[in-house]
Amino acid sequence: MTRKDFPGDFRWGAATAAYQIEGAWATDGRGPCIWDTFAAIPGHTVRQESGAVACDHYHLWKDDLDLLKDLGIDAYRFSISWSRVFPEGTGASNPVGWAFYDRLIDGLLERGIAPCATLYHWDLPQALQDRGGWGNRDIVGWFEDYAEAMFGAFGDRVKTWYTHNEPWVVAWAGHAIGRHAPGLSDRKLAVQVTHHLLLSHAAAIEAYRNSRQGDGQIGAVLNLYPMVPATSSPQDHAAARLLDGHHNRWWLDPVLKGTYPQDTWDHYASLGIAPRVEPGDLDRLAGAKSDFLGVNYYFRKVVAAGGGDDLLPLTEVKPTGAPYTSMSWEVWPEGLYDLLVRLKADYGDIPLAITENGAAFPDEQLTDGVVDDEDRRSFLEGHFAAALKAVKAGVNLKDYFVWSLLDNYEWAHGYDKRFGLFRVDYETQKRTWKRSSRWYQGFLKGTN
Ligand code: IFM
(Lines give C-alpha, C1' and ligand atoms only; values in the text may rest on other atoms or scores of the structure.)
Protein backbone atom coordinates (compact mmCIF):
# COMPACT_ATOMS: atom_id res chain seq x y z
CA MET A 1 0.00 0.00 0.00
CA THR A 2 1.30 3.45 -0.93
CA ARG A 3 -0.35 6.86 -0.87
CA LYS A 4 -0.72 6.56 -4.66
CA ASP A 5 -3.38 3.91 -4.05
CA PHE A 6 -5.59 6.67 -2.60
CA PRO A 7 -7.35 9.32 -4.74
CA GLY A 8 -5.04 12.11 -5.95
CA ASP A 9 -6.74 14.81 -3.84
CA PHE A 10 -6.75 12.71 -0.64
CA ARG A 11 -5.28 14.71 2.28
CA TRP A 12 -3.03 13.17 4.93
CA GLY A 13 -2.53 14.96 8.19
CA ALA A 14 -2.03 15.00 11.92
CA ALA A 15 -4.31 16.43 14.61
CA THR A 16 -3.98 18.13 17.99
CA ALA A 17 -6.11 20.21 20.37
CA ALA A 18 -5.30 23.49 22.10
CA TYR A 19 -5.62 22.44 25.74
CA GLN A 20 -3.66 19.25 25.14
CA ILE A 21 -0.55 20.90 23.68
CA GLU A 22 -0.43 24.69 23.97
CA GLY A 23 0.34 25.20 27.67
CA ALA A 24 0.90 28.93 28.40
CA TRP A 25 -2.32 28.81 30.35
CA ALA A 26 -1.92 32.23 31.95
CA THR A 27 0.27 33.85 29.29
CA ASP A 28 -0.54 36.88 27.14
CA GLY A 29 -4.00 37.43 28.53
CA ARG A 30 -5.50 33.95 28.10
CA GLY A 31 -8.53 33.51 30.36
CA PRO A 32 -9.06 30.36 32.42
CA CYS A 33 -11.02 27.50 30.93
CA ILE A 34 -13.03 24.72 32.59
CA TRP A 35 -10.12 22.27 32.37
CA ASP A 36 -7.89 24.60 34.40
CA THR A 37 -10.54 24.58 37.11
CA PHE A 38 -11.38 20.88 36.90
CA ALA A 39 -7.77 19.66 36.91
CA ALA A 40 -6.94 21.72 40.01
CA ILE A 41 -9.34 19.64 42.13
CA PRO A 42 -7.63 16.62 43.72
CA GLY A 43 -8.82 13.28 42.36
CA HIS A 44 -9.96 14.58 38.99
CA THR A 45 -6.84 13.85 36.96
CA VAL A 46 -3.85 11.54 37.38
CA ARG A 47 -1.36 13.22 39.75
CA GLN A 48 -3.56 16.32 39.50
CA GLU A 49 -1.90 17.07 36.17
CA SER A 50 -3.25 19.87 33.99
CA GLY A 51 -2.54 21.41 30.59
CA ALA A 52 -0.81 24.42 32.21
CA VAL A 53 2.46 23.67 30.38
CA ALA A 54 1.65 20.58 28.28
CA CYS A 55 3.96 20.55 25.20
CA ASP A 56 4.55 24.32 25.45
CA HIS A 57 3.45 24.49 21.84
CA TYR A 58 2.45 28.13 22.39
CA HIS A 59 6.17 28.91 22.43
CA LEU A 60 7.52 25.99 20.39
CA TRP A 61 5.00 26.18 17.54
CA LYS A 62 7.67 26.94 14.93
CA ASP A 63 9.64 23.79 15.76
CA ASP A 64 6.43 21.79 15.73
CA LEU A 65 5.49 23.13 12.30
CA ASP A 66 8.94 22.13 11.09
CA LEU A 67 8.21 18.59 12.28
CA LEU A 68 4.96 18.64 10.32
CA LYS A 69 6.84 19.79 7.24
CA ASP A 70 9.49 17.08 7.68
CA LEU A 71 6.78 14.52 8.07
CA GLY A 72 5.41 15.56 4.68
CA ILE A 73 1.75 15.95 5.57
CA ASP A 74 -0.80 17.93 3.55
CA ALA A 75 -3.02 19.28 6.34
CA TYR A 76 -2.87 20.02 10.06
CA ARG A 77 -5.90 19.92 12.34
CA PHE A 78 -5.62 22.11 15.45
CA SER A 79 -8.16 23.73 17.75
CA ILE A 80 -8.59 27.32 18.84
CA SER A 81 -8.63 28.04 22.57
CA TRP A 82 -11.80 30.11 23.02
CA SER A 83 -10.49 31.73 26.23
CA ARG A 84 -7.23 32.73 24.52
CA VAL A 85 -9.12 34.83 21.99
CA PHE A 86 -12.01 35.86 24.26
CA PRO A 87 -10.80 35.52 27.88
CA GLU A 88 -14.37 35.81 29.21
CA GLY A 89 -15.92 33.90 26.32
CA THR A 90 -17.92 36.92 25.20
CA GLY A 91 -17.19 40.65 25.12
CA ALA A 92 -13.62 41.94 25.09
CA SER A 93 -11.22 40.11 22.82
CA ASN A 94 -7.54 39.45 23.44
CA PRO A 95 -5.56 40.56 20.36
CA VAL A 96 -2.35 38.87 21.57
CA GLY A 97 -4.18 35.55 21.62
CA TRP A 98 -5.49 36.10 18.10
CA ALA A 99 -1.94 36.89 16.96
CA PHE A 100 -0.82 33.42 18.07
CA TYR A 101 -3.28 31.79 15.67
CA ASP A 102 -2.30 34.23 12.92
CA ARG A 103 1.32 33.14 13.30
CA LEU A 104 0.36 29.48 13.39
CA ILE A 105 -1.84 29.67 10.30
CA ASP A 106 0.67 31.71 8.32
CA GLY A 107 3.45 29.35 9.41
CA LEU A 108 1.48 26.39 8.11
CA LEU A 109 0.76 28.05 4.79
CA GLU A 110 4.42 29.02 4.39
CA ARG A 111 5.25 25.33 4.77
CA GLY A 112 2.61 24.29 2.23
CA ILE A 113 0.32 22.74 4.85
CA ALA A 114 -3.44 23.39 4.89
CA PRO A 115 -4.64 24.76 8.26
CA CYS A 116 -7.83 23.03 9.48
CA ALA A 117 -9.36 24.52 12.62
CA THR A 118 -11.66 23.11 15.29
CA LEU A 119 -13.74 25.74 17.08
CA TYR A 120 -14.47 23.73 20.21
CA HIS A 121 -12.32 20.95 21.63
CA TRP A 122 -13.63 20.90 25.23
CA ASP A 123 -11.98 23.99 26.76
CA LEU A 124 -14.94 26.25 27.55
CA PRO A 125 -13.99 29.63 29.03
CA GLN A 126 -14.58 29.34 32.79
CA ALA A 127 -16.47 32.65 32.71
CA LEU A 128 -19.11 31.00 30.51
CA GLN A 129 -19.32 27.95 32.79
CA ASP A 130 -20.01 30.40 35.60
CA ARG A 131 -23.04 31.51 33.57
CA GLY A 132 -24.31 27.94 33.18
CA GLY A 133 -22.03 26.73 30.39
CA TRP A 134 -23.50 24.28 27.87
CA GLY A 135 -26.54 23.90 30.12
CA ASN A 136 -27.61 27.49 29.41
CA ARG A 137 -29.42 27.89 26.11
CA ASP A 138 -27.79 31.31 25.68
CA ILE A 139 -24.61 29.47 24.80
CA VAL A 140 -25.94 28.94 21.30
CA GLY A 141 -25.59 32.68 20.71
CA TRP A 142 -22.27 32.91 22.55
CA PHE A 143 -20.84 30.15 20.36
CA GLU A 144 -22.26 31.70 17.21
CA ASP A 145 -20.59 35.05 18.01
CA TYR A 146 -17.28 33.34 18.74
CA ALA A 147 -17.50 31.30 15.52
CA GLU A 148 -18.38 34.37 13.47
CA ALA A 149 -15.37 36.22 14.88
CA MET A 150 -13.05 33.30 14.04
CA PHE A 151 -14.37 33.07 10.47
CA GLY A 152 -13.85 36.81 10.12
CA ALA A 153 -10.29 36.70 11.44
CA PHE A 154 -8.95 33.49 9.91
CA GLY A 155 -11.43 32.41 7.24
CA ASP A 156 -9.35 34.00 4.49
CA ARG A 157 -6.69 31.35 5.13
CA VAL A 158 -8.47 28.49 6.94
CA LYS A 159 -10.69 26.66 4.47
CA THR A 160 -11.61 23.64 6.61
CA TRP A 161 -13.56 24.25 9.83
CA TYR A 162 -14.88 21.84 12.45
CA THR A 163 -17.61 23.10 14.74
CA HIS A 164 -17.39 20.61 17.63
CA ASN A 165 -15.03 17.80 18.48
CA GLU A 166 -16.79 14.73 19.93
CA PRO A 167 -19.82 16.48 21.44
CA TRP A 168 -20.85 13.15 23.05
CA VAL A 169 -17.85 13.51 25.35
CA VAL A 170 -18.72 17.11 26.20
CA ALA A 171 -22.28 16.19 27.13
CA TRP A 172 -21.91 12.80 28.81
CA ALA A 173 -18.34 12.66 30.17
CA GLY A 174 -18.63 16.28 31.31
CA HIS A 175 -22.19 16.50 32.60
CA ALA A 176 -23.33 12.97 33.53
CA ILE A 177 -20.31 10.75 34.19
CA GLY A 178 -18.27 13.63 35.67
CA ARG A 179 -14.97 12.29 34.38
CA HIS A 180 -14.32 15.44 32.31
CA ALA A 181 -14.74 19.15 32.98
CA PRO A 182 -17.00 20.59 34.27
CA GLY A 183 -17.32 17.34 36.27
CA LEU A 184 -21.11 17.24 36.74
CA SER A 185 -23.31 14.17 37.36
CA ASP A 186 -26.75 15.05 36.04
CA ARG A 187 -27.98 13.00 33.11
CA LYS A 188 -31.03 15.17 32.43
CA LEU A 189 -28.69 18.13 32.13
CA ALA A 190 -26.40 16.06 29.89
CA VAL A 191 -29.21 15.42 27.40
CA GLN A 192 -30.16 19.11 27.43
CA VAL A 193 -26.50 19.87 26.75
CA THR A 194 -26.60 17.56 23.69
CA HIS A 195 -29.37 19.73 22.28
CA HIS A 196 -27.52 22.99 22.93
CA LEU A 197 -24.35 21.57 21.37
CA LEU A 198 -26.28 20.55 18.27
CA LEU A 199 -28.01 23.92 18.02
CA SER A 200 -24.68 25.71 18.39
CA HIS A 201 -23.25 23.53 15.62
CA ALA A 202 -26.13 24.63 13.39
CA ALA A 203 -25.67 28.27 14.43
CA ALA A 204 -21.96 28.12 13.51
CA ILE A 205 -22.79 26.68 10.10
CA GLU A 206 -25.30 29.49 9.52
CA ALA A 207 -22.65 32.03 10.55
CA TYR A 208 -20.19 30.44 8.14
CA ARG A 209 -22.65 30.57 5.25
CA ASN A 210 -23.20 34.28 6.01
CA SER A 211 -19.52 35.05 6.38
CA ARG A 212 -17.70 36.93 3.62
CA GLN A 213 -14.96 34.34 3.99
CA GLY A 214 -17.24 31.28 4.13
CA ASP A 215 -16.05 29.78 0.87
CA GLY A 216 -14.45 26.71 2.45
CA GLN A 217 -15.91 23.66 4.14
CA ILE A 218 -17.46 23.16 7.54
CA GLY A 219 -18.75 20.15 9.49
CA ALA A 220 -18.84 18.45 12.88
CA VAL A 221 -16.48 15.81 14.25
CA LEU A 222 -18.13 12.84 15.96
CA ASN A 223 -16.62 9.95 17.91
CA LEU A 224 -18.33 6.94 16.37
CA TYR A 225 -18.21 3.23 17.10
CA PRO A 226 -19.39 0.19 15.19
CA MET A 227 -21.72 -1.57 17.63
CA VAL A 228 -21.40 -5.34 17.46
CA PRO A 229 -23.84 -7.63 19.29
CA ALA A 230 -21.89 -10.06 21.50
CA THR A 231 -24.01 -13.00 20.25
CA SER A 232 -26.74 -13.51 17.68
CA SER A 233 -29.44 -13.34 20.38
CA PRO A 234 -32.23 -10.78 19.83
CA GLN A 235 -31.42 -9.34 23.27
CA ASP A 236 -27.81 -8.59 22.35
CA HIS A 237 -28.94 -7.13 19.03
CA ALA A 238 -31.36 -4.84 20.85
CA ALA A 239 -28.63 -3.81 23.31
CA ALA A 240 -26.24 -2.96 20.45
CA ARG A 241 -29.01 -0.93 18.76
CA LEU A 242 -29.68 0.96 21.99
CA LEU A 243 -26.02 1.87 22.40
CA ASP A 244 -25.85 2.82 18.73
CA GLY A 245 -28.70 5.27 19.29
CA HIS A 246 -27.11 6.74 22.41
CA HIS A 247 -23.60 7.13 21.00
CA ASN A 248 -23.92 7.39 17.24
CA ARG A 249 -27.38 8.15 15.87
CA TRP A 250 -28.24 10.80 18.49
CA TRP A 251 -25.59 12.92 16.75
CA LEU A 252 -25.61 11.60 13.20
CA ASP A 253 -29.34 12.01 12.66
CA PRO A 254 -29.60 15.67 13.78
CA VAL A 255 -26.38 16.66 12.00
CA LEU A 256 -27.16 14.88 8.73
CA LYS A 257 -30.96 14.60 8.71
CA GLY A 258 -32.18 17.29 11.09
CA THR A 259 -34.12 14.86 13.31
CA TYR A 260 -33.53 12.95 16.53
CA PRO A 261 -33.74 9.14 16.31
CA GLN A 262 -37.21 8.20 17.54
CA ASP A 263 -36.15 5.07 19.46
CA THR A 264 -33.49 6.93 21.46
CA TRP A 265 -35.82 9.88 22.02
CA ASP A 266 -38.51 7.51 23.36
CA HIS A 267 -35.97 5.82 25.61
CA TYR A 268 -34.79 9.13 27.08
CA ALA A 269 -38.43 10.25 27.40
CA SER A 270 -39.30 7.06 29.32
CA LEU A 271 -36.60 8.05 31.84
CA GLY A 272 -37.81 11.66 31.98
CA ILE A 273 -34.63 13.04 30.41
CA ALA A 274 -35.64 13.95 26.84
CA PRO A 275 -34.40 17.46 26.00
CA ARG A 276 -36.53 20.60 25.94
CA VAL A 277 -36.79 21.50 22.27
CA GLU A 278 -38.32 24.84 21.31
CA PRO A 279 -40.38 25.50 18.20
CA GLY A 280 -38.09 25.99 15.22
CA ASP A 281 -35.12 24.12 16.73
CA LEU A 282 -35.45 21.07 14.51
CA ASP A 283 -35.87 23.24 11.41
CA ARG A 284 -32.68 25.00 12.41
CA LEU A 285 -30.83 21.68 12.69
CA ALA A 286 -32.27 20.51 9.37
CA GLY A 287 -31.32 23.76 7.65
CA ALA A 288 -27.65 23.62 8.66
CA LYS A 289 -26.12 21.56 5.88
CA SER A 290 -22.64 20.20 6.54
CA ASP A 291 -20.03 20.01 3.82
CA PHE A 292 -18.56 16.82 5.29
CA LEU A 293 -18.65 14.65 8.38
CA GLY A 294 -15.56 14.26 10.57
CA VAL A 295 -15.17 10.75 11.98
CA ASN A 296 -13.00 9.93 14.98
CA TYR A 297 -12.46 6.17 15.08
CA TYR A 298 -10.56 4.34 17.79
CA PHE A 299 -12.28 0.98 18.46
CA ARG A 300 -15.52 -0.99 18.19
CA LYS A 301 -17.92 -1.77 20.99
CA VAL A 302 -19.10 -5.34 21.51
CA VAL A 303 -22.37 -5.27 23.38
CA ALA A 304 -24.28 -7.81 25.49
CA ALA A 305 -27.72 -7.33 27.05
CA GLY A 306 -27.93 -7.14 30.84
CA GLY A 307 -26.04 -5.32 33.55
CA GLY A 308 -25.53 -1.56 33.43
CA ASP A 309 -28.34 0.74 34.57
CA ASP A 310 -31.74 1.94 33.38
CA LEU A 311 -30.14 4.32 30.88
CA LEU A 312 -27.97 1.59 29.34
CA PRO A 313 -28.99 -1.86 30.59
CA LEU A 314 -26.11 -3.57 28.84
CA THR A 315 -22.48 -4.59 29.17
CA GLU A 316 -19.56 -3.77 26.91
CA VAL A 317 -17.67 -7.01 26.39
CA LYS A 318 -13.89 -7.05 25.90
CA PRO A 319 -13.20 -9.46 23.03
CA THR A 320 -10.07 -11.59 23.27
CA GLY A 321 -7.64 -12.30 20.47
CA ALA A 322 -6.70 -8.83 19.27
CA PRO A 323 -4.11 -6.59 20.94
CA TYR A 324 -5.14 -3.71 23.21
CA THR A 325 -3.66 -0.20 23.50
CA SER A 326 -2.60 1.50 26.75
CA MET A 327 -6.14 2.91 26.94
CA SER A 328 -7.42 -0.72 27.03
CA TRP A 329 -8.96 -0.15 23.60
CA GLU A 330 -9.05 -3.12 21.26
CA VAL A 331 -6.98 -2.74 18.09
CA TRP A 332 -9.64 -3.41 15.45
CA PRO A 333 -8.94 -1.87 12.02
CA GLU A 334 -11.87 -3.72 10.41
CA GLY A 335 -14.12 -1.55 12.56
CA LEU A 336 -13.01 1.50 10.60
CA TYR A 337 -14.06 -0.13 7.33
CA ASP A 338 -17.38 -1.26 8.84
CA LEU A 339 -18.08 2.21 10.17
CA LEU A 340 -17.30 4.04 6.92
CA VAL A 341 -19.37 1.64 4.85
CA ARG A 342 -22.28 1.93 7.28
CA LEU A 343 -22.16 5.73 7.15
CA LYS A 344 -22.44 5.63 3.37
CA ALA A 345 -25.28 3.12 3.51
CA ASP A 346 -27.29 5.04 6.12
CA TYR A 347 -26.44 8.65 5.41
CA GLY A 348 -25.56 8.76 1.71
CA ASP A 349 -22.57 10.17 -0.06
CA ILE A 350 -21.62 13.09 2.16
CA PRO A 351 -17.82 13.44 2.04
CA LEU A 352 -16.20 11.80 5.06
CA ALA A 353 -12.96 12.72 6.80
CA ILE A 354 -11.15 10.62 9.36
CA THR A 355 -10.41 13.48 11.73
CA GLU A 356 -8.75 11.31 14.39
CA ASN A 357 -7.30 7.83 14.50
CA GLY A 358 -4.34 6.66 16.52
CA ALA A 359 -3.27 4.79 19.61
CA ALA A 360 -1.55 5.14 22.97
CA PHE A 361 1.26 2.71 23.69
CA PRO A 362 3.95 2.67 26.41
CA ASP A 363 6.78 3.68 24.00
CA GLU A 364 9.47 2.51 26.39
CA GLN A 365 12.04 1.20 23.92
CA LEU A 366 14.50 3.55 22.18
CA THR A 367 16.59 2.15 19.29
CA ASP A 368 19.24 4.35 17.63
CA GLY A 369 17.62 7.47 19.05
CA VAL A 370 14.17 6.57 17.68
CA VAL A 371 11.24 5.42 19.84
CA ASP A 372 10.62 1.85 18.77
CA ASP A 373 6.83 1.83 18.59
CA GLU A 374 6.21 -1.02 16.19
CA ASP A 375 2.78 -1.42 17.85
CA ARG A 376 1.72 2.08 16.73
CA ARG A 377 3.29 1.70 13.29
CA SER A 378 1.39 -1.49 12.64
CA PHE A 379 -1.79 0.08 14.11
CA LEU A 380 -1.55 2.89 11.54
CA GLU A 381 -0.72 0.59 8.66
CA GLY A 382 -3.72 -1.61 9.50
CA HIS A 383 -6.07 1.37 9.71
CA PHE A 384 -4.75 2.99 6.52
CA ALA A 385 -5.44 -0.33 4.77
CA ALA A 386 -8.98 -0.41 6.18
CA ALA A 387 -9.54 3.15 4.90
CA LEU A 388 -8.26 2.15 1.47
CA LYS A 389 -10.60 -0.83 1.41
CA ALA A 390 -13.50 1.55 2.16
CA VAL A 391 -12.40 3.92 -0.63
CA LYS A 392 -12.31 0.97 -3.03
CA ALA A 393 -15.82 0.05 -1.86
CA GLY A 394 -16.99 3.50 -3.00
CA VAL A 395 -16.87 5.47 0.27
CA ASN A 396 -16.34 9.18 -0.38
CA LEU A 397 -13.40 9.52 2.01
CA LYS A 398 -11.34 12.71 1.69
CA ASP A 399 -8.94 13.14 4.63
CA TYR A 400 -7.07 11.12 7.22
CA PHE A 401 -5.65 12.83 10.31
CA VAL A 402 -3.52 10.79 12.69
CA TRP A 403 -4.12 11.48 16.37
CA SER A 404 -1.80 12.93 17.46
CA LEU A 405 1.16 14.93 16.24
CA LEU A 406 2.73 14.95 19.71
CA ASP A 407 2.44 13.03 22.94
CA ASN A 408 0.19 15.31 24.94
CA TYR A 409 -2.19 15.88 27.85
CA GLU A 410 -4.69 13.04 27.73
CA TRP A 411 -7.32 14.74 29.90
CA ALA A 412 -8.11 12.85 33.12
CA HIS A 413 -5.21 10.48 32.35
CA GLY A 414 -2.75 13.36 32.59
CA TYR A 415 0.49 12.68 30.74
CA ASP A 416 0.39 8.91 31.28
CA LYS A 417 -0.93 8.00 27.84
CA ARG A 418 1.26 8.67 24.84
CA PHE A 419 -0.58 9.07 21.51
CA GLY A 420 2.08 11.04 19.62
CA LEU A 421 3.82 10.50 16.33
CA PHE A 422 6.60 12.32 18.18
CA ARG A 423 7.67 11.60 21.73
CA VAL A 424 7.67 14.58 24.08
CA ASP A 425 10.02 14.68 27.04
CA TYR A 426 7.98 16.88 29.37
CA GLU A 427 11.06 17.88 31.42
CA THR A 428 13.03 19.26 28.48
CA GLN A 429 10.29 19.62 25.83
CA LYS A 430 12.51 17.66 23.44
CA ARG A 431 10.62 16.01 20.55
CA THR A 432 11.87 12.62 19.32
CA TRP A 433 10.93 10.71 16.18
CA LYS A 434 9.28 7.36 16.59
CA ARG A 435 9.36 4.39 14.28
CA SER A 436 5.70 5.23 13.46
CA SER A 437 6.48 8.81 12.38
CA ARG A 438 9.41 7.59 10.27
CA TRP A 439 7.08 5.05 8.68
CA TYR A 440 4.37 7.69 8.08
CA GLN A 441 7.00 9.94 6.52
CA GLY A 442 8.11 7.11 4.23
CA PHE A 443 4.48 6.36 3.32
CA LEU A 444 3.88 10.01 2.44
CA LYS A 445 7.09 10.40 0.47
CA GLY A 446 6.73 7.01 -1.20
CA THR A 447 10.03 5.71 0.13
CA ASN A 448 8.89 2.83 2.40
O1 IFM B 1 -7.05 12.83 23.17
C2 IFM B 1 -8.34 12.58 22.73
C3 IFM B 1 -8.86 13.75 21.93
O4 IFM B 1 -8.84 14.92 22.66
C5 IFM B 1 -10.28 13.49 21.47
N6 IFM B 1 -10.38 12.21 20.82
C7 IFM B 1 -9.82 11.07 21.48
C8 IFM B 1 -8.38 11.34 21.86
C9 IFM B 1 -7.78 10.12 22.56
O10 IFM B 1 -8.48 9.81 23.72
Side-chain angles (χ1 to χ4, degrees), residues 13-23 33-36 38-39 44-46 49-51 54-55 57 76-82 116-124 162-174 177 179-182 197 201 219-226 247-248 251 293-301 316 324-332 335-336 339 353-363 373 375-376 379-380 383 399-424 426 436:
T16 61
Y19 193 74
Q20 294 180 271
I21 64 163
E22 282 182 7
C33 80
I34 53 174
W35 269 90
D36 300 319
F38 180 77
H44 277 173
T45 67
V46 169
E49 286 170 346
S50 74
C55 308
H57 172 74
Y76 174 55
R77 176 174 175 242
F78 63 97
S79 80
I80 297 173
S81 156
W82 189 343
C116 303
T118 307
L119 289 168
Y120 189 69
H121 199 126
W122 308 353
D123 45 359
L124 189 71
Y162 313 100
T163 54
H164 282 282
N165 183 74
E166 302 186 359
W168 185 95
V169 177
V170 176
W172 289 96
I177 303 166
R179 146 167 79 78
H180 276 207
L197 286 162
H201 158 79
V221 170
L222 303 178
N223 51 317
L224 300 171
Y225 308 84
H247 259 294
N248 297 332
W251 304 97
L293 175 73
V295 177
N296 290 359
Y297 172 73
Y298 287 94
F299 59 101
R300 64 173 173 169
K301 287 180 185 272
E316 288 181 32
Y324 278 77
T325 72
S326 302
M327 298 292 280
S328 299
W329 295 345
E330 186 194 22
V331 177
W332 196 254
L336 178 58
L339 179 61
I354 297 167
T355 33
E356 285 183 28
N357 172 249
F361 286 112
D363 290 354
D373 61 340
D375 34 22
R376 184 176 293 99
F379 178 101
L380 292 178
H383 286 77
D399 298 339
Y400 199 128
F401 291 86
V402 174
W403 183 269
S404 181
L405 173 65
L406 304 169
D407 290 342
N408 59 46
Y409 180 65
E410 179 56 20
W411 309 108
H413 295 281
Y415 295 94
D416 265 2
K417 310 291 180 196
R418 293 182 175 274
F419 274 92
L421 286 164
F422 291 89
R423 183 182 181 83
V424 175
Y426 296 108
S436 58

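We number each residue from 1, following the sequence as shown. Computed over heavy atoms, backbone and side chain alike; hydrogens, waters and symmetry mates excluded. As the structure lists them, so they are numbered: ligands from 1, and atoms in each ligand from 1.
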Worksheet item: Which word best sums up how the rings of Tyr19 and Tyr409 line up, parallel for under 30°, tilted for 30 to 60°, or perpendicular for over 60°?
Response: perpendicular
Fill in: Proximal protein residues to ligand 1, non-hydrogen atoms under 4.0 angstrom
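Protein residues near ligand 1 are Gln20, His121, Trp122, Asn165, Glu166, Tyr298, Trp329, Glu356, Trp403, Glu410, Trp411, Phe419.
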Discussion item. Could you check, using the six-membered ring where one of them is a Trp, whether His180 and Trp172 have ring centers closer than 6.0 angstrom?
Written reply: no
Worksheet item: Among Asp373, Asp363, Asp407, which residue meets the side chain to side chain donor-acceptor pair (under 3.5 Å) test with Arg418?
Response: Asp407
Worksheet item: In a check of side chain to side chain donor-acceptor pair (under 3.5 Å) between Glu356 and each of Tyr400, Trp403, Tyr297, Tyr298, which one passes?
Response: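 Looking at Tyr400, Trp403, Tyr297, Tyr298, the match for Glu356 under the side chain to side chain donor-acceptor pair (under 3.5 Å) is Tyr298.
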Item to complete: List for me each residue that meets salt bridge (Lys or Arg N to Asp or Glu O under 4.0 Å) alongside Glu330, sequence neighbours excluded, and say none if there are none.
Response: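 Residues passing salt bridge (Lys or Arg N to Asp or Glu O under 4.0 Å) with Glu330: Arg300.
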Practice prompt. Give a yes or no answer on whether the side chain of Glu49 reaches the backbone of Tyr415 with a donor-acceptor pair at less than 3.5 Å.
Written response: yes
